[in-house]
Amino acid sequence: MAIIEHSLEMRGMPHRDLEDYFLALGGKQVGHGNYCGPNWEVRLSDEWTCTLGSIRIPATLVTFRVKEEDWPEMLRAFRFRFLSAGG
């Protein structure tokens, strides 16, 4: 049961939406940007603005610490929740 760490840079998602997602999973905030849930820990960086040409979008680095065997399902659920298309 190795604990692994993965980071994803999330662009275009408001920081508050990320916080709400981890709280809805049963997580508890345990410090600035740190959330703990059953079998996982997540660190959200402070939000910054990413500029792409004339477009400015919010960005946050999400760092997961989770059991190796739980990672594929956690990643699948996270990506599904934040799946988006331009429009």
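None of these values were measured; they are calculated from a predicted model.
- Residues A59 and C50 approach most closely at CB-CB, 4.3 Å, considering heavy atoms.
- Using the six-membered ring where Trp is involved, Y21 and F78 have ring planes that are perpendicular, over 60° apart on the 30 and 60° scheme.
- With hydrophobic clusters built from ILVMFWY side chains whose heavy atoms lie under 4.5 angstrom apart, F82 shares a cluster with F22.
- Between the H15 side chain and the S45 main chain, a donor and an acceptor come within less than 3.5 Å of each other.
- Side chains of S7 and T63: a donor on one and an acceptor on the other come within 3.5 Å.
- For R79, the side-chain contact (heavy atoms from CB on, under 4.5 Å) test picks out L8, L75, with sequence neighbours left out.
- Between E9 and R11, at least one side-chain nitrogen of the basic residue sits less than 4.0 Å from a carboxylate oxygen of the acidic one, meeting the salt-bridge criterion.
- To the nearest 0.5 angstrom, L25 atom CG is 10.0 Å from R81 atom CZ.
- Heavy-atom contacts from other residues, nucleotides or ligands closer than 6.0 Å to CG of L52 number more than 12.
- When atom types are taken as modelled, the side chain of E47 and the backbone of T60 share no donor-acceptor pair closer than 3.5 angstrom.
- Side chains of K67 and I3 form a contact here, defined as non-hydrogen atoms less than 4.5 Å apart.
- The SG atom of C36 sits 12.0 Å away from atom CZ of R43, with the distance rounded to the nearest 0.5 Å.
- Taking the six-membered ring wherever Trp is involved, the centroid distance between the rings of W40 and Y35 does not fall below 6.0 Å.
- In terms of heavy-atom proximity, R56 sits nearest to T51 at CG-OG1, 3.9 Å.
- Using a 4.5 Å heavy-atom cutoff, the side chains of V62 and L18 are in contact.
- Considering all non-hydrogen atoms of both residues, Q29 and L23 come closest at N-CD2, 4.2 Å.
- The shortest non-hydrogen separation linking P38 to G26 is CD-O, 4.4 Å.
- Residues satisfying the side-chain contact (heavy atoms from CB on, under 4.5 Å) criterion with I4, sequence neighbours excluded, are H6, V66, E68, W71.
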